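To start, the structure itself, in structure tokens.
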Amino acid sequence: MSSSNADLTRFWSHKVHELSPYVPGEQPKLNNLVKLNTNENPFPPSPKVLAAMEAQLGDTLRLYPDPNATELRQCLAGYAGLSADQVFVGNGSDEVLAHAFQALLQHDQALLFPDISYSFYPVYCGLYGIEKDEVPLAKDLTINVADYQSPNGGVILANPNAPTGELLGLTAIRQLLTANPDRVVVIDEAYIDFGGQSAIELVPAFDNLLVIQTLSKSRSLAGLRVGFAFGQHHLIEALERVKNSFNSYPLSREAQAGAIAAIEDEDYFQHTCQANIAQRDKLALQLQALGFSMTQSYANFLFVTHAHMAAKDIALLLRKRGIIVRHLTSSPRITNYLRISVGSSSECDTLVLALKALL
Ligand SMILES: *Cc1c(COP(=O)(O)O)cnc(C)c1O
């Protein structure tokens with residue numbers, strides 16, 4: 001029995017009442033939209049990934065996958081120049097991040113991250129009861145690492161940052177690690193393959209560094225859900241303790257096989273990354289010619305603002321023409337910006353033509 005005016009949320013836990021969940025970019029069901037709102041890669045995954053996954057679709061699906069993803073971790077270790085016990089894998093880097101928050105960033109002092117960054121960070125703080133201190137970006141929307149030296153419970157930065165695309169070099173990362181010797185510094189490198197230098201090479205020198213990457217962006221595999229972390233073994237062990245208290249089998253057989261094939265197909269990876277970078281730089285020039293200014297993006301998106309037209313209006317007008325971009329409103333400082341994913345060359349042409357018409 002239920003009565004219409006009863007408060008059905010009375011079944012919820014206190015925790016659930018308090019949560020403010022992440023809102024992902026729209027995934028519309030319509031087919032012929034130009035979808036430039038969630039930073040998906042316009043290139044298909046490597047054909048070798050599809051072949052490797054198909055090979056898994058048989059009788060062995062009866063059996064659980066390798067809970068330790070041994071072969072995949074060895075493959076990633078080879079890629080990173082580390083050992084397999086310095087690698088952790090999870091169901092998308094969002095899951096790896098979630099485990100890192102719980103395993104390594106939940107301390108008595110506040111976690112530091114930029115006020116404008118990946119909006120999942122404050123959500124995990126809410127889920128795990130972690131106090132946060134959101135450090136303002138500089139006026140030009142860049143990160144100044146000297147701002148991350150106050151007493152803290154840990155530091156997490158996206159590098160390149162999202163949604164600005166701005167990149168920190170390894171000298172700055174090293175400075176951050178040295179300034180926080182007793183706290184874990186997490187570098188979320190979801191976009192590092194589009195022109196940045198990974199902090200993986202600092203792992204052997206710093207016992208407080210965890211680097212997180214994903215197959216979702218640069219390997220065109222957002223639908224596969226594979227992310228990973230690199231760090232010294234004591235950090236990986238903390239992640240494994242959480243994972244094995246939550247879900248021992250996060251990666252399916254197909255995901256493990258597909259991920260290995262993706263990492264092994266280095267030629268395809270290099271080729272598609274270079275093509276994305278070239279397309280990004282071309283689109284940046286075209287948008288500048290239309291009166292947009294932008295941050296310096298090292299990612300597969302541009303973060304743009306127009307001198308004469310409000311971001312909100314541009315987003316609405318583009319939407320009417322079947323083009324979706326992301327208008328983020330998480331901070332008042334960025335409400336006049338749009339984040340536009342770098343699409344295929346024909347998608348970018350469609351975008352530029354539409355902007356020409358409406359500006
Ligand atoms: C896309 C993105 C992720 C999440 O990637 P998944 O591996 O698909 O979960 C993590 N961090 C940042 C900054 C991202 O933009």
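Both ligands and their constituent atoms are indexed starting at 1 by order of listing. On a predicted model such as this, the values are computed, not experimentally measured, just so you know.
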Check: Phe246 ring centroid to His99 ring centroid under 6.0 Å = yes
From the list Asp207, Asp85, Asn208, side chain to side chain contact (heavy atoms under 4.5 Å, CB included) partner of Gln232 resolves to Asp207
Result for side chain to side chain contact (heavy atoms under 4.5 Å, CB included) between Leu209 and one of Leu202, Val184, Asn180 points to Leu202
Worksheet item: Taking the non-hydrogen atoms of Phe120, is any one of them nearer than 4.0 angstrom to ligand 1?
Response: no
Item to complete: Output yes when a side-chain donor or acceptor of His234 lies under 3.5 Å from a complementary backbone atom of Gly231, and no otherwise.
Response: no
- Message: Evaluate Ser216 for polar contact with ligand 1, using N/O atom pairs at a separation under 3.5 Å.
- Response: yes
The option among Arg225, Glu40, Gln213 carrying the non-hydrogen atom nearest to atom 9 (O) of ligand 1 is Arg225
Say whether Glu95 and ligand 1 are in contact under the criterion: heavy-atom distance to a ligand atom below 4.0 Å. no
Closest to atom 12 (C) of ligand 1 by heavy-atom distance, out of Asp188, Ile156, Asn91, Thr38, is Asp188
of all protein heavy atoms, closest to atom 15 (O) of ligand 1 is Tyr191 OH, 2.6 Å
Checklist entry - More than 12 foreign heavy atoms under 6.0 Å from OH of Tyr298: is that the case here? => result no
Looking only at protein heavy atoms, what sits closest to atom 2 (C) of ligand 1 is Lys217 NZ, 2.5 Å
Parallel, tilted or perpendicular for Phe269 and Tyr79, by the 30°/60° rule? perpendicular
*asked:* A side-chain contact here means heavy atoms from C-beta on lying under 4.5 Å apart; do Ile130 and Tyr124 qualify?
replied: no
So for Ser93 against ligand 1, with non-hydrogen atoms under 4.0 Å, the contacting part is both
Inset, instruction - Please verify whether a non-hydrogen atom of Gly227 lies at under 4.0 Å from ligand 1. - result: no
